[in-house]
Amino acid sequence: MVTRRRLLAAGATGGAAALIPAGWAASGRAFAAAAPLDPRDIPKYVTALRIPPAMPTVATDSERDTYEIAVRQFRQQILPPSWPRTTVWGYGSTAHPGSFGYPAPTIMARVGRPVRVTWVNQLVDDRGDYLPHLLPVDPTLHWANPAGGIAHRDHHGQWDGSPRGYRGPVPQVVHLHGAHSTQESDGHAEAWYLPAARDLPPDFAVSGSAYREFRSRFAERSGLRWAPGSATFEYANDQRPCTLWYHDHTLGLTRENVYAGPAGFYLLGGGDELPEGTLPGPAPARDDSPNTAHRDIPLLIQDRSFTADGDLHYPERYSIGGSSQGDGPPVWVPGFSASTMVVNGRTWPTLTVRRRRYRFRLLNGCNSRFLLLSVAANATARPARPVLPVWQIGSDGGFLPEPVPHEQVALGPAQRVDAIVDFTDVPAGTELYLVNEGPDGMYGGGRPGVDFAPADPRTTGQVLRFVVTDATGADPSVPPEHLRLPAHPRLGPAQRVRRLSLNERSSGGSMVMLLGVLDERGRGLPLRWRDPVTEQPTLGDTEIWEVRNFTRHVHPVHLHQVQFELLGRGHSGRSLPGPGDRGRMDTVLAYPWEVTRIKAHFDLPGRYAWHCHLLEHEDNEMMRPLTVLPRGGAAAGDGGSSGGQLGPGTASTNSG
Ligand SMILES: [Cu+2]
C-alpha cells in the first residue's frame, strides 16, 4: 500500500532551512504558500504572558465534575499585536464559546474526585462541513487513514495526487498524558474519530479500529453511549497530585494535530498536597475574580514556525538534491525544530512578577525539540550565566523526595518540571530571561557549546522575560530550601525484567527509529506497531524495563497508564539517577548507547501503548502496544486484543 516512500537520514531535522541535512533541499512545492517568516523580525517581549483560565464545567455534583470539551478551528493572536493572526486548533467548553484557546483552558482536578469529559471533534465549518488539516499530511505513513474505509483504516494509505496530501476530515482522539486511565478512556491511537460532519465521504471509516470496542466498554461501565464524532472518558484521579496535560494521540497524525495547537494542562491537586499556602499560589480557579494575581503558573513551551501571513508552517516536502519534481505527497520528516519560541500561545511573552516566590509548571510541548532552561540576566550571552536557581519540587508524577536547585533544567518533549523561582531578593526593575541552550536540531546528550551548538541566542535560545516589581504584602509560602515534601512510597519488588531496545533501521530508502526487544545475542530486534505484542505484563505485576538505546539520539520514552521509577542509567544501567529524576515519571530520557532502567507497576488491564515522545518518531512506528493481561492470562474480556489467545510469552497480533 505504500505508494511512495522516500528519504531523510535518521539524524536529519527538517523545517528551518538551516536544519535540512546536507544534500537535501526543500523543493517541489506544488501549491502557493506564503514565505516563511524570519523569526529575527518578530519583536520580543511586547506581549504579556497569557495564563490559561480554568476550564468551565457543564455539571458538578457529589459524584464528579463533568465537562464537554470540543476541538475547534479559530484565529488567535500568537504573533505580537498588529501582526497577522494565526489559524489554529484548540480546545474549549462547548457550553462556553469564549473559552476556546491555544493552549486550552486548564482542567483543575482533585485527587479522589472523578472527572468525566465528553471530547467532541468539531473540526467543521459554519455549515457543518468538515475542515481539512491546517498542515500537509503524508497519507502514505502507517496512520489512521480514514480514506481506507473499514478494511484499510489504521494502515498505510495512498496518495490521491493532492500536493498537500490527505485533505479529508481530520481524526482526533485525546490522551490525558500521565493519567492512570482505564483503557477505554486512555485515548488509544486507534480509537480516533472523525467529526460528525454533514459531508463525510460515505466510503470513509468514521472511527479507528479500537473505537467501537472502547465505546462498548464505556457503555457497560457507565450506561453512557458515545455520540458520533465524540468519545466520553472518565478519569478517576486516583494518583498522586501532579501536573498532567492533554493532547491529541491519533495514529500517525499526532505530530501535526498537536502542532496545530490542541493541548492543555490538567492540574491534579489535593491528596497529600502540602497545607494551603505552603507553596506559591494560587493557580487559576473556576471561580476566579478577574484581578486574581496567579502565582502558580503553567508554562507550555513550544517551538513553532510561521509564514509571512501568520499561518503555522510545518515542513512540506523534501526531495533529493534540490531537484524539483512536484510529483509526490508531503513526506514525513524525522524531526522538526521550528524557528520561534511560543509560551502559552504567544511568541516571546513577558511576565511581570513581584519580589516573591512563584511556582511554574514547566511543560515541554515541542514536537521534537529538547530544552535546557535557565534564568539569566543576559538574554544572549552564551554560555548562559544563571542568576537564580530553578528549585524543582516535582516531576511528571508528583513531588520529588526533596527540592532540588538547578542552574539548568533539562526538559525533553512531554516532560514536566514543577518548579519554584524565588524573586524575593531581586531588585525591583530587574529584567531576567528564561533562556534555552538546547540544540536547534536533534539532541544526543552532552553539554551546550561543548558537544553541540546551543539554540540560536537571537531566537530559539530565548523563551520568556521576567520583569521584577516591588512586593505587595507578605509572602506566606515556605522558601524552597526549607520545604519538606510528602514522601513517595517506593514500588515493591519486581516480578519480571524486560530487555528492550531503541533502534534505527533503513526502510524503503529512509531511516526510521523503532522500538523493539533484544535478541538472544543481545542485539536490538526492532519491531513495528503492528508486529506481535511483546510487552504484556500481568495485572498487578511490577516489572523492570531495561531499555537499551542503539541510536545516536536521546529519545523521551513514554509509557501509558503508569508513573514509573527510574532505577539507573549509563552503560550498565546501574548509575544512579540525578536528584531531579528521583520522583515518579511517565516520560524518561533514554541517552545514546545507555541502558535506561525503570520500574513500573501495572494495575489496570487492557490495551495501552509505550512510545517515543518525539512526535515525528511516534508517528512513524516508534510506538508499541503495551497490553496488561488479566491474572490467569485469559484472552477474552479486559486485556485481550482481538488477536486471540494471549498469555505471557505468547505473541498476539495487535489488530483491532
Ligand atoms: Cu525517538
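We count ligands from 1, going down the list as the structure has it; atoms in each ligand are counted the same way.
- A salt bridge is defined here as a Lys NZ or Arg NE, NH1 or NH2 lying under 4.0 Å from an Asp or Glu carboxylate O, and Arg607 with Glu184 fails to meet this definition.
- Shortest non-hydrogen contact noted between Arg416 and His177 is NH1-CD2, 3.2 Å.
- In summary, Arg499 and Asp519 do not engage in a salt bridge, as defined by a charged side-chain N under 4.0 Å from a carboxylate O.
- The count of protein N, O or S atoms under 2.8 Å from the Cu ion (ligand 1) stands at 3, with waters excluded from the count.
- Ion pairing of Glu543 with Arg498 is present here, as a side-chain N (NZ or NE/NH1/NH2) and a carboxylate O approach within less than 4.0 Å.
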**Test ring pair (Phe, Tyr, Trp, His ring centres under 6.0 Å) applied to Trp545 and Phe564, step by step** = CA-CA 10 Å; Trp545 289 19; Phe564 51 78; 8.5 Å; no
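- Ring orientation note: the planes of Phe336 and Tyr259 are tilted relative to one another, at an angle of 30° to 60°.
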